[in-house]
Chemist: 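What follows is a single structure, and I will ask about it in a moment.
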Amino acid sequence: MSSVLYDTPGPRAKRRNVLFTVVFAVLLLLLLWWVWLKMDEKELWASAQWKPFTESQAWTTYLLPGLADTLKAAALAMVIALPLGAVFGITRLSDHRWVRGASGTVVEFFRAIPVLLLMLFANELYARYTDVGSEERPLYAVVTGLVLYNSAVLAEVVKAGILALPKGQTEAAYAIGLRKGQTMSSVLLPQAVTAMLPAIVSQLVVIVKDTALGGVMIGFTELLNSRGTLAANYANQIPSFIVVAIMFIVLNFILTSFASWLERRLRRSKRSTGAVLGAEDIDDLNAAEVGGAHGTGAVGKT
Amino acid sequence: MFDFLEGYDVLGAFWMTVKLTALSAVGSLIWGTLLAAMRVSPVPLMRGFGTAYVNIVRNIPLTVIILFCSLGLADVFGVTMGSEDFKIQGFRLAVLGLVAYTAAFVCEALRSGMNTVPLGQAEAARAIGLSFTQTLWLVVLPQAFRSVIGPLANVLIALTKNTTVAAAIGVAEAAYLMKTMIENEAQTLLIGAVFAFGFVVLTLPTGLILGWLSKRLAVKR
């Protein structure tokens, strides 16, 4: 795109580009300089602020257990949400109107509700009506909230994945005498899951980010929450934020890269049908797309 | 049946949600457009900045950003956002965080919209002597905007839901009130239903109206 909007620069355009570069660089440097000065003023460059991160104690007591909890909640949520999402995705394509309608309502409902509300609600519900201990309750609540929301999103992904398969596959399956359930479980679903893999991996990024909600609001001891304890202990508010942000960025960057690697690999492989749902498609799905106003990129209208 | 609602300003809390959404939507639209323009500009430094910004901000949880605005920017750096009042300050910091976060998604949506504009149009625009800014502003962006109303609607709906994160720094919006009510009242299920209904009411019309608009305004090719 960028090369289309402008020509190969001539002498004047080159001079202008250099000018813009210089102006922009100066502005950026001014901003950085201001941040540096402010941090210097608050003595944030003092070694006491950063030293904890060079020692193992801050990591073994706060950051790594926090990271472990984040990953645990994300993994649990994914493992539970995936089969649920598959069930909802398949029932959304059911031949029976009431099944289709019921699962459609459930999916649209949970996509319209903020995850935070689901977590708060689940937390209170567990506190009142179950005997889950107060130690485990935050984890339960976080996972419940994440599962409800993400199984709804994954249902849409599964639906899109199945619809993206060539129609001939279903016809061929019927032709060799498979029943409806067999067609779904042994022909359509395995292929759809392969096509969905990149989208599923990139949904993990959303889940990892959402675990942080439980940290602030219901006291789940994930990474962001342990950052608070760490900052209270070493009195290094800003440095701890920076370190935790970098941890999140690295973790999610690895997931994103893995997803796009997977996508490239699947697109290349000869065995697939060529239908791949990438990370781009799931960005569209994440918000509650009410009424199916537009297609999902890989597939057309249902 | 709904007498537990007495003594709570539910409408006020949702009004706060709406205000947060509207202000952040306008802010992130402006900042996101600027970022998108940077990402396609002929100046490599600006492109680099845009790319770095989007990739970094998208991978940080919104909760971290909003909490940083309150605990980092306000408490340590002393950014007051032009108000001494704790409540107003919290509101403005929440908007700042939401804008910073949402703009990255607006930028990506716009950039994908620019890709739908045929190459020939930009070439024709340059052929009649339009500059980069003119090409972008007069030819590419208007069409890009029309084709990304759908994705932008999704960003807006996600933003509406994301405003609940502002509860983490004490902004009295819907999620904050729900937390308070759920702790004090016995009708957990009913309270949950009321707030869920509120969000459905907020997001459903947005999705329907913008979905209809996106179909109507899409450039037919």
Side-chain angles (χ1 to χ4, degrees), chain A residues 1-2 4-7 9 13 17 20-21 24-25 28 38-39 42 44 109 112-117 120-121 123-125 128-129 205 208-213 215-217 224 227 231 237-238 241 244-245 248-253 256 280 283-294, chain B residues 40-47 49 55-56 59-64 67-68 71-72 75-77 105 108 112 114-115 119 122-123 126 132 135-136 140 150-151 153-155 157-158 161-162 164-165 167-168 175 178-179 182-183 188 192 195-196 199-200 203-204 207-208 210-212 214-215:
Chain A
M1 187 65 218
S2 51
V4 187
L5 279 166
Y6 45 86
D7 261 318
N17 283 354
F20 277 137
T21 310
F24 193 69
L28 259 185
K38 273 277 179 191
M39 287 181 76
K42 302 277 173 188
L44 289 176
F109 178 76
I113 311 291
V115 188
L116 181 55
L117 290 197
L120 287 176
F121 185 69
N123 193 36
E124 197 59 27
L125 224 52
R128 260 175 215 207
Y129 302 109
V205 174
V208 166
K209 289 201 291 184
D210 281 351
T211 54
L213 283 172
V216 214
M217 295 300 284
L224 183 60
R227 183 218 65 85
Q237 199 71 260
I238 302 261
F241 259 117
V244 163
F248 270 116
I249 294 169
V250 169
L251 177 62
N252 287 336
F253 185 76
T256 319
E280 296 293 312
D283 273 348
D284 289 347
L285 293 169
N286 264 322
E289 177 203 322
V290 189
H294 42 269
Chain B
V40 297
S41 83
V43 184
L45 185 65
M46 286 184 179
R47 279 208 303 272
F49 173 79
N55 282 328
I56 289 174
N59 283 327
I60 305 179
L62 175 63
T63 326
V64 174
L67 214 59
F68 177 77
L71 294 177
D75 290 359
V76 179
F77 280 129
F105 294 90
E108 286 308 90
S112 71
M114 287 182 192
N115 288 332
L119 299 189
E123 282 169 358
R126 277 191 307 148
F132 167 75
T135 315
L136 191 65
V140 176
N154 285 340
V155 174
I157 290 169
K161 296 191 291 172
N162 280 340
T164 51
V165 180
M178 174 169 158
K179 191 175 155 64
I182 227 169
E183 276 161 7
T188 317
F195 282 92
F199 272 96
V200 172
T203 52
L204 202 75
L208 289 180
L210 287 175
W212 173 78
S214 78
K215 260 188 214 155

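Below, chains carry the letters A, B, ... as their sequence lines are ordered, and counting in each starts from 1. All values below were derived from every heavy atom in this structure, side-chain atoms included, with hydrogens, water molecules and symmetry-related copies excluded.
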Chemist: So how far is it from B/Leu45 CG to A/Leu28 CG, rounded to the nearest 0.5 Å?
Modeler: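 Interatomic distance, B/Leu45 CG to A/Leu28 CG, rounded to 0.5 Å: 6.0 Å.
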
Chemist: Is there a side-chain contact between B/Thr188 and A/Phe121, using heavy atoms and a 4.5 Å cut-off?
Modeler: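 The answer is yes; the side chains approach within 4.5 Å.
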
Chemist: At a 4.5 Å cut-off on heavy atoms, which part of B/Met178 comes close to chain A: side chain, backbone, both, or neither?
Modeler: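 Only the side chain of B/Met178 comes within 4.5 Å of chain A.
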
Chemist: Would you compute the distance between atom CZ of A/Phe109 and atom CG of B/Leu204 and round it to the nearest 0.5 angstrom?
Modeler: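 Rounded to the nearest 0.5 Å, the CZ-CG separation comes out at 12.0 Å.
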
Chemist: Answer with side chain, backbone, both or neither: which region of A/Leu224 has an atom nearer than 4.5 Å to a non-hydrogen atom of chain B?
Modeler: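 Side chain of A/Leu224 only, per the 4.5 Å heavy-atom cut-off to chain B.
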
Chemist: Drop me the distance from B/Asn162's CG to A/Asp210's CG, to the nearest 0.5 angstrom.
Modeler: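 The CG atom of B/Asn162 sits 8.0 Å away from the CG atom of A/Asp210.
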
Chemist: So for A/Lys38, is it side chain, backbone, both, or neither that comes closer than 4.5 Å to the heavy atoms of chain B?
Modeler: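 When you check distances to chain B, atoms from both the backbone and side chain of A/Lys38 fall under 4.5 Å.
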
Chemist: Quick one: which of B/Ala196, B/Pro42, B/Ala167 has the most heavy-atom pairs under 4.5 Å with chain A, could you say?
Modeler: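 Heavy-atom pairs under 4.5 Å are most numerous for B/Pro42.
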
Chemist: State, yes or no, whether a side-chain contact exists between B/Val43 and A/Phe24 at a heavy-atom distance under 4.5 Å.
Modeler: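 With C-beta onward as the side chain, the pair stays apart.
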
Chemist: Which answer fits A/Leu251, side chain, backbone, both or neither, if we ask what part of it has an atom under 4.5 Å from a heavy atom of chain B?
Modeler: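 Neither; nothing under 4.5 Å.
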
Chemist: Can you tell which part of B/Leu67 gets under 4.5 Å to a heavy atom of chain A, answering side chain, backbone, both or neither?
Modeler: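 Interface part for B/Leu67: both.
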
Chemist: What I'd like to find out is whether the side chain of B/Thr164 reaches to under 4.5 Å of the side chain of A/Met217, using heavy atoms alone.
Modeler: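 No, too far: nothing below the 4.5 Å cut-off.
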
Chemist: In terms of heavy-atom contacts, does CZ of A/Phe253 have more than 12 from other residues, nucleotides or ligands at under 6.0 Å?
Modeler: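 Atom CZ in A/Phe253 is not packed in, count stays at 12 or less.
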
Chemist: Please identify each residue that fulfils side-chain contact (heavy atoms from CB on, under 4.5 Å) with B/Phe68, with sequence neighbours left out.
Modeler: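 Counting only residues at least two positions away or on another chain, B/Phe68 forms a side-chain contact (heavy atoms from CB on, under 4.5 Å) with A/Ile238, A/Phe241, B/Leu73.
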
Chemist: When rounded to the nearest 0.5 angstrom, what is the spacing between CD1 in B/Ile182 and CG in A/Leu125?
Modeler: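 Nearest 0.5 Å value for the CD1-CG distance: 8.0 Å.
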
Chemist: Testing the basics here: between B/Lys161 and A/Pro114, what is the closest heavy-atom pair and its distance to 0.1 Å?
Modeler: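 Answer, listing the atom of B/Lys161 first, then A/Pro114: O-CB, 3.7 Å.
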
